[in-house]
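Chain naming here is simple, since letters A, B, ... match the order of the sequence lines and numbering starts at 1 in each. All values below were derived from every heavy atom in this structure, side-chain atoms included, with hydrogens, water molecules and symmetry-related copies excluded. This is a predicted model, so every value here is computed, not measured.
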Amino acid sequence: MNIVVCVKQVPDTATERKLRSDDSTIDRSANGVINELCEYAVEDALKLKEAHGGEVTVLTMGPDQATDAIRKALAMGADKAVHLSDEALHGSDALSTSYALSQALKKIGFDVVILGSESTDARTGMLAAMLAERLGVPQLTLASKIEVDGSAISIHRQTDYGYDKVEATLPAVVSVVEKPDPFKPRYPSFKGIMAAKKKPIEKIGVADAEIDPAQIGLAAAWSVVSDFTAAPPRGKGVVVNDEGDGGTKAAEFLVSKKFI
Amino acid sequence: MDFRLPESARAVRDGIGEICSHYDMSYWERCEADKRWPEEVWAELAKGGWLGLAVPEEFGGGGQGLLELTVATETLSASGSAGGSAFTYVLTPGFGAMTIARHGSPEQKAGLLPRLAAGEIETCFALTEPDAGSNSLAITTSARLDGSEFVVNGQKIWITGVQRATWMLLVTRTIPAAEARPRTNGLTVLLVNVPEAVAAGTLSYRPIPKMGANTTPSNMVFFDDLRVPARNVVGEVHGGAVVLWDILNPERILLGASALGGAEVALRVGVEYARQREVFGRPIGANQAIAFPLAAVKAKLELARLMLYKAAWLFDRGEPCGTEANIAKLTASQAFWEAADAAFQTHGGMAYSLEYPVARLLADARIGLVAPVTEQLLLNYLATQVLGLPRSF
């Protein structure tokens with residue numbers, strides 16, 4: 001089975017994240033890490049390979065330093081990678097990103113494309129759906145479990161009452177959600193990290209993937225950041241003195257804030 | 001000259017660092033408080049091949065050496081486990097796996113190394129005796145050949161990790177110290193199957209209540225007509241000194257690495273408090289009396305790191321490393337103690353509260369000035385062996 005897993009490098013959520021002052025795009029110059037949900041996508045891809053054989057290819061769109069995120073996925077066990085990197089892609093929004101990735105995916109070929117259901121930077125959560133539409137294949141979103149049987153693929157999608165089982169035929173696009181132990185992404189092993197340094201990363205540009213430059217980049221973006229301000233510093237909390245009625249007061253506070 | 005770590009050692013730092021990033025200070029504090037082995041971290045280390053780093057690849061290991069184990073121990077310790085808990089790593093990947101890989105017979109290697117690499121079995125090391133601490137050559141635990149077996153009698157103390165060990169590397173006298181010429185002759189290292197010996201009633205142990213490092217219990221161990229097959233000799237009969245040096249130098253380096261990691265933790269804790277704690281309207285770290293001890297620790301721990309890596313590098317090349325190992329152990333242990341002391345002073349009275357991590361760090365750091373070898377004996381080695389000053393004994 002030809003499995004492609006889309007991986008994104010994002011600014012580390014544990015550090016201060018910034019927008020660039022010149023064009024309001026995300027500052028990706030420092031503290032890049034693999035997007036957490038992408039690690040789950042890699043884990044699910046590796047599990048599918050372990051069960052059905054085949055090959056796992058990592059696809060990343062991003063600047064040069066995104067190589068670190070690719071190496072992490074390779075260290076976890078993916079076989080090879082394609083890095084779509086081109087200055088012309090800078091500032092692409094979700095729509096144009098889905099277009100660029102779909103062009104790269106057509107070139108790579110796939111039975112199943114797996115990606116995290118959202119990234120911690122832009123948080124649109126729309127890419128899987130857009131990608132499926134662009135590629136003309138079924139979308140199986142928010143999967144907590146993936147099963148393949150011949151040309152049939154099915155997923156579990158958590159609901160308030162249990163889970164939905166969603167079925168489709170391959171090829172398909174799957175987006176995955178966070179899962180508890182023991183389904184968490186594996187840590188790279190020593191041999192995995194050493195082997196990853198030797199695995200091939202094919203670097204391609206816009207022309208290689210036959211991407212129309214008019215449909216990508218900041219200029220082609222349908223969504224525009226018109227303005228932004230820094231989040232205000234956190235104010236002082238409310239202290240509730242418990243005089244036997246602490247529970248009631250706490251509940252009243254939560255009601256006033258519309259939490260309950 | 002290239003000061004960058006090789007790719008293999010960087011992989012160790014990144015890989016173990018990533019596992020440890022999911023286990024914070026409070027995890028290690030709970031392990032210590034509950035006197036509990038860090039099972040979760042251990043399982044991840046086993047799964048990722050991190051326990052078999054120094055096991056040759058043909059036996060399922062990573063094919064690396066002491067430098068990688070040094071970086072592993074430092075990383076584990078610096079993540080918050082600090083000195084005491086990092087001992088967990090030294091017992092099996094250091095004492096057991098590396099010694100068998102270097103000195104084991106083909107049968108010992110084939111039988112033990114794959115399982116040690118996979119974390120399926122663990123080891124401990126027994127040298128120190130109640131009447132032979134720093135003077136290791138004076139040990140009296142005897143091994144007498146009887147047919148195809150050695151019969152062992154004697155007593156050891158401060159033997160860490162017996163509870164979990166399948167195999168003990170036991171240092172015995174096959175020629176009494178008084179008769180041995182030279183004194184290093186007549187030592188024999190035996191592999192003892194601990195559970196079997198306990199079941200046979202020929203090996204017993206009693207944990208020693210101690211002030212720290214409680215994730216790994218330390219014990220008194222008693223041998224009463226313990227029978228060990230002659231094929232379980234590691235190295236040569238009477239020639240155990242060669243094996244012993246190859247355990248003691250790595251032990252100094254690895255426990256030095258553990259102290260270095262501990263120094264990093266203590267410095268981090270001290271610096272963080274010095275930044276946050278405000279007295280007289282400013283962070284106390286703005287006062288040089290607070291800042292300079294922390295800065296001095298930084299200088300010392302970086303120096304210790306250089307010497308640790310150099311000592312490990314020499315060992316891996318098969319070159320003499322005694323001087324470097326002793327200097328590294330001395331400076332790393334002092335850096336940890338001074339870091340813990342500086343962190344203590346920085347915290348003021350709050351350091352005395354067990355709700356802060358400083359007390360645990362202080363206990364971990366203090367033992368480093370004594371074990372596995374005292375500061376004084378390290379200085380004595382440098383004075384007599386390196387500077388050529390007259391011996392006092």
If you count heavy-atom pairs under 4.5 Å with chain B, which of A/Ser189, A/Pro188, A/Ala75 comes out on top?
-> A/Ser189
Under 6.0 Å from the six-membered ring centre of B/Trp313 and within 45° of its axis: does the NZ or CZ of B/Arg317 meet both?
-> yes
State whether B/Phe95 and B/Arg102 meet the cation-pi test: NZ (Lys) or CZ (Arg) under 6.0 Å from the six-membered ring centroid, and within 45° of the perpendicular axis.
-> no
In terms of heavy-atom pairs under 4.5 Å with chain A, which of B/Val12, B/Asp14, B/Leu53 leads?
-> B/Leu53
Answer key: most heavy-atom pairs under 4.5 Å with chain A among B/Ser8, B/Gly52, B/Gly15 is B/Ser8
B/Gln64 versus chain A, heavy atoms under 4.5 Å apart: side chain, backbone, both or neither?
-> side chain
Select one option (side chain, backbone, both, neither) describing which atoms of B/Glu18 are under 4.5 Å from chain A's heavy atoms.
-> both
When the ring centroid of B/Tyr27 is compared with that of B/His22, is the distance short of 6.0 Å?
-> no
Under 4.5 Å to a heavy atom of chain B? For A/Phe190 that would be both
Tell me, for A/Lys184 versus chain B, whether the close heavy atoms (under 4.5 Å) come from the side chain, the backbone, both or neither.
-> neither
Indicate whether any N or O donor in one side chain lies under 3.5 Å from an N or O acceptor in the other, for B/Tyr356 and B/Glu29.
-> no
Kindly give the heavy-atom pair with the smallest separation between B/Thr88 and B/Pro38, and that separation in Å.
-> CG2-CD, 3.8 Å
Do B/Thr92 side-chain atoms and B/Thr123 backbone N/O form a donor-acceptor pair below 3.5 Å?
-> yes
